[in-house]
Amino acid sequence: MRGALSRAALAALLLVPFLGQAQAALRRVEVSEDFSAYLDQGSILVEVRPLDGESVTDFARRISRDEAAAARLLALPAAPSRSRRIVLPYGDLSDETRLAAVRALFPADVRATIGWLHVAVETEPLASIATWFTGDARLASRLAELNGLSGSEPVTRGTLVKIPVEYLLPPFRDAEPIPDEEPPRLEYGSDEKGRYAVYRLKRKEALYSAVVVRFTGRIHAEDVIQLALDIALRSGIDDVHAIPVGYPVKIPLELLSEEYLPPDDPKAAAQAKERAEAALFATPAKALFLAGVRVVIDAGHGGTDTGTLHHGVWESTYVYDVASRLRKVLLETTRAEVVMMTREPVSGWEVIDRDRLPDRKGRVLLTDPPYKMTNVVAGVNLRWYLANAILKRPGPGGKPIPPEKTVFLSLHADSLHPSVRGAMAYVPGERFLRDRYGRATEFYRRFREVRDDPVVSFTKKERVLAEGASTSLAEKLIGAFRRRSLPVHQFRPVRTHVIRKGREWVPAVLRYNKIPNRVLFELSNLSNEEDRRLTLTRAYRQECAEALADGLVAFFGGAAEERGASPATAAGRQAPRVAAAPVPAELPGPWPDAIGPWPEGAPQGRTALVPSPTPTPTKTPRKPVRRRRR
């Protein structure tokens with residue numbers, strides 16, 4: 001079954017009658033041993049089987065569009081099993097399974113600001129494209145008109161078809177968009193130094209933000225500066241401050257993020273499969289008003305660990321304030337159970353109505369016994385031990401809370417290159433998670449959470465599920481920030497791993513955490529002057545808390561209007577207004593030392609930058625909804 005299947009063999013699996021069996025070969029992409037996608041002359045099919053340990057009923061509900069489709073699957077003469085795959089038509093698939101199939105078959109497709117951008121991989125009828133992405137073949141003529149195509153002729157391989165957002169089915173409409181109307185155009189070539197991609201700079205674009213941050217995924221200051229110099233040397237750029245519009249900037253292929261690699265690159269194909277497999281687990285159970293949901297909130301750092309510190313602003317102080325505000329919002333406007341990981345002995349979780357907050361080092365981690373956070377590494381490891389213990393706790397009334405209704409949210413503020421701004425989120429990328437891990441030293445055995453469960457382990461299913469579900473959660477949180485016009489990182493605000501100084505990893509608080517829906521959320525970049533100024537305002541921090549609550553409600557299938565108005569909202573507190581930052585000629589240092597050689601004419605202490613556009617937050621009026629009580 002692992003090789004290409006003949007049409008007759010596929011037809012023998014029932015459910016799908018194949019037409020024209022003597023025609024062209026199928027296009028097949030194997031995403032995993034449990035899931036493959038096929039493109040058959042305008043029809044998308046999937047070949048699937050239950051996951052290890054998954055019942056046939058659970059499998060049918062997970063993979064099917066609705067109860068009727070699940071019933072048809074369960075009524076088959078021979079039920080699907082680990083030894084028997086079945087083939088299902090696209091129309092019977094759940095939203096998550098449709099998105100997984102499309103990501104696998106069309107790896108160049110992206111969600112842009114204007115809608116879905118589909119790149120044909122073979123000759124494809126417009127009616128089929130309309131059906132896949134809008135659910136209505138009759139919209140083929142409209143797509144032809146919008147794209148300047150002939151409605152009667154199929155599109156050929158490589159044709160770009162734009163599907164406006166108002167026509168899209170939910171899985172494509174709700175996908176995280178790139179910040180452009182079209183994906184950037186890259187050309188690929190090679191020279192004596194190896195393979196590279198070429199990007200031609202546009203007006204007002206800078207090497208740092210438009211090339212390094214965007215195409216390499218590097219966002220930390222020392223990495224951005226060094227790579228900008230390396231790329232300048234490779235491209236023959238003598239002065240990084242005076243690069244002409246349209247200049248061909250060469251980016252070595254080994255530096256490119258995987259989504260920008262050429263289609264024939266093995267890493268690009270592997271990433272497409274990874275994203276497709278994760279998409280199968282992107283939606284949790286529904287929970288009206290977050291009823292039956294447990295939200296675990298971790299305010300990053302604390303104790304003697306201040307986190308990042310810029311111009312006297314402690315990361316730990318301000319993310320704790322947002323965590324306390326989020327706790328208050330959730331308790332007042334939803335039915336969620338809220339569990340805090342840390343506590344400030346002086347003020348508890350009280351929301352202090354001030355812009356500038358007092359800095360304290362007394363916060364404790366609520367382990368058994370509580371840990372005064374005097375060691376950074378111990379504080380991080382005990383956090384994930386505590387999260388795993390919370391996952392097993394019974395809920396109110398002694399009832400168990402399912403893992404799929406448990407959320408872990410670790411709040412932080414970043415320290416990145418000053419040209420980068422806005423919120424971003426990290427999720428646990430499957431390929432970065434270990435099978436087993438534990439700490440068995442005498443120090444850790446002092447804590448009940450470690451003694452009860454000293455070693456954490458993950459199955460492949462758990463790792464894939466965590467990436468898919470956490471990515472969906474992160475996208476809902478980022479989407480909520482956008483809807484409130486809060487600053488969001490311009491390029492790829494949701495990431496599966498950190499890249500820094502040549503290393504790639506998932507933060508430990510996510511890597512060893514068993515809660516399936518888990519996100520490390522960076523509220524702002526304290527190295528950026530505008531982000532730092534916003535973080536110092538109570539209005540912005542309240543908006544962040546409200547947006548996070550909106551995102552949590554959306555993740556469990558609700559809308560922001562389900563939440564009752566919080567006191568801050570009811571009082572009519574204005575959202576922070578952010579004036580567009582002037583474009584500075586320079587951003588002052590001090591800058592980390594960057595290894596040369598430096599291009600001739602490039603300054604060695606300060607770097608000219610063009611900052612990202614600054615969105616202006618606005619308050620979205622909401623109709624208060626009376627909260628239901630248990």
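Between Ser316 and Thr306, the side chains place no donor N or O within less than 3.5 Å of an acceptor N or O (distance only, hydrogens not considered). Side-chain contact, Thr317 with Asp359: a donor N or O sits under 3.5 Å from an acceptor N or O. Gln542 and Glu546 form a side-chain donor-acceptor contact under 3.5 Å, judged by distance and modelled atom types alone. Tyr385 and Asp453 share no side-chain donor-acceptor pair at under 3.5 Å.
Side-chain atoms of Arg214 do not come within 3.5 Å of backbone N or O of Ser209 as any donor-acceptor pair. With hydrogens and angles disregarded, no donor-acceptor distance shorter than 3.5 Å links the side chain of Thr374 to the backbone of Thr304. Side chain of Asn525 to backbone of His417: a donor-acceptor contact under 3.5 angstrom is found. Using modelled atom types, one side-chain atom of Arg495 and one backbone atom of Gly217 make a donor-acceptor pair closer than 3.5 Å. The closest donor-acceptor contact from the side chain of Arg111 to the backbone of Val165 lies at 3.5 Å or more, if one exists at all. Arg431 places no side-chain N or O within donor-acceptor distance of the main-chain N or O of Glu274, the cut-off being under 3.5 Å. Side-chain N or O atoms of Thr216 include none that pairs as donor or acceptor with a backbone N or O of Val213 at under 3.5 Å. Between the Arg451 side chain and the Arg446 main chain, a donor and an acceptor come within less than 3.5 Å of each other. Side-chain atoms of Arg354 come within 3.5 Å of backbone atoms of Arg356 as a donor-acceptor pair (strictly under, hydrogens ignored). A donor-acceptor contact shorter than 3.5 Å links the side chain of Arg363 to the backbone of Ala299.
Counting only heavy atoms from C-beta outward, the side chains of Leu465 and Pro516 approach each other to under 4.5 Å. The side-chain heavy atoms of Leu330 and Val295, taken from C-beta on, include a pair separated by under 4.5 Å. With a 4.5 Å cut-off on side-chain heavy atoms, Thr496 and Val506 do not count as touching. Contact of the Phe447 side chain with the Tyr371 side chain is registered, since non-hydrogen atoms from C-beta on lie closer than 4.5 Å. Considering only heavy atoms from C-beta on, Ile297 stays 4.5 Å or farther from Met341 through its side chain. Between Arg421 and Ser524 the shortest side-chain heavy-atom distance does not fall below 4.5 Å. Within the 4.5 Å cutoff, the side chain of Arg275 has heavy atoms near those of the Gln271 side chain. Counting heavy atoms from C-beta on, the side chains of Val553 and Leu290 come closer than 4.5 Å.
Residues satisfying the side-chain hydrogen bond (donor to acceptor under 3.5 Å, both in side chains) criterion with Glu350, sequence neighbours excluded, are absent altogether. Looking at residues two or more places apart in sequence or on another chain, you find a side chain to side chain contact (heavy atoms under 4.5 Å, CB included) between Ala425 and Ala474, Val519, Phe521. Considering only residues two or more places apart in sequence or on other chains, Ala389 meets the side chain to side chain contact (heavy atoms under 4.5 Å, CB included) condition with Glu449. Pro170 pairs by the side chain to side chain contact (heavy atoms under 4.5 Å, CB included) definition with Asp95, Arg173, Asp174, not counting sequence neighbours. Every side chain to side chain contact (heavy atoms under 4.5 Å, CB included) that Lys461 has, sequence neighbours left out, goes to Leu51, Thr459. For Ser415, the side-chain hydrogen bond (donor to acceptor under 3.5 Å, both in side chains) criterion is met by Thr308, His310, Ser527, not counting sequence neighbours. Annotation: side-chain hydrogen bond (donor to acceptor under 3.5 Å, both in side chains) contacts of Asp368 (sequence neighbours excluded): Arg448. Checked against side-chain hydrogen bond (donor to acceptor under 3.5 Å, both in side chains), Thr471 has no partners two or more places apart in sequence or in another chain.
Looking at every heavy atom in both residues, Arg482 comes nearest to Pro177 through NH1-CD, 4.0 Å. Here the shortest heavy-atom pairing between Asp355 and Tyr318 reads O-CE2, 3.7 Å. When every heavy atom of Asn513 is checked against every heavy atom of Ala387, the shortest pair comes out as ND2-CB, 3.6 Å. Between Ala413 and Val319, the shortest heavy-atom distance links the atoms N-CG1, 3.6 Å. Nearest heavy-atom pair across Arg436 and Ser457 is CG-CB, 3.6 Å. For Arg492 against Ser257, the heavy-atom pair with the smallest separation is NH2-OG, 3.3 Å.
With respect to Arg500 and Glu222, a salt bridge is recorded, a charged nitrogen being found less than 4.0 Å from a carboxylate O. One finds a salt bridge joining Arg533 and Glu530 here, because a Lys/Arg side-chain nitrogen approaches an Asp/Glu carboxylate oxygen to under 4.0 Å.
The salt bridge (Lys or Arg N to Asp or Glu O under 4.0 Å) analysis of residues 503-522, with sequence neighbours excluded, yields the pairs Glu462-Lys514. Applying the salt bridge (Lys or Arg N to Asp or Glu O under 4.0 Å) rule to pairs touching residues 465-476 yields nothing, sequence neighbours excluded. Sorted pairs that involve residues 301-318 and meet salt bridge (Lys or Arg N to Asp or Glu O under 4.0 Å), not counting sequence neighbours, are lacking altogether.
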**OP:** Determine, step by step, whether Ser324 and Arg327 satisfy the side chain to side chain contact (heavy atoms under 4.5 Å, CB included) criterion, reporting the C-alpha distance in whole Å, the side-chain angles of both residues, the deciding distance to 0.1 Å, and the verdict.
**Re:** CA-CA 5 Å; Ser324 299; Arg327 172 183 178 271; 5.6 Å; no
Original post:
Can Leu552 and Leu473 be said to form a side chain to side chain contact (heavy atoms under 4.5 Å, CB included), step by step?
Top reply: CA-CA 7 Å; Leu552 290 169; Leu473 171 60; 4.0 Å; yes
Subject >> Test log, rule side chain to side chain contact (heavy atoms under 4.5 Å, CB included), inputs Trp505 and Ile499 >> reply: CA-CA 7 Å; Trp505 75 93; Ile499 307 175; over 6 Å; no
Original post:
Does the side chain to side chain contact (heavy atoms under 4.5 Å, CB included) test come out yes or no for Asp321 and Arg538, once each step is laid out?
Top reply: CA-CA 9 Å; Asp321 181 70; Arg538 75 195 97 172; 5.7 Å; no
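A distance of 11.0 Å separates CG in Leu548 from CD in Glu543, rounded to the nearest 0.5 Å. Taken from OG in Ser470 to CG in Leu520, the straight-line distance is 11.0 Å, to the nearest 0.5 Å. Taking CD of Glu430 as the reference point, atom CG of Leu433 lies at 6.5 Å (rounded to 0.5 Å). Considering OH of Tyr208 and CG of Leu229, their distance stands at 6.0 Å, rounded to 0.5 Å. In this structure, the separation between CZ on Arg294 and CG on Leu391 is 7.5 Å, given to the nearest 0.5 Å.
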Side-chain donor-acceptor contacts of residues 404-411 below 3.5 Å, not counting sequence neighbours, with atom names and distances?
{"unit_1": "Thr406", "atom_1": "OG1", "unit_2": "Pro402", "atom_2": "O", "d": "3.2"}
{"unit_1": "Ser410", "atom_1": "OG", "unit_2": "Asp298", "atom_2": "OD2", "d": "2.7"}
{"unit_1": "Ser410", "atom_1": "OG", "unit_2": "His412", "atom_2": "NE2", "d": "2.9"}

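The aromatic rings of Tyr437 and Tyr512 sit parallel to each other, their planes meeting at less than 30°, with 60° as the upper class boundary.
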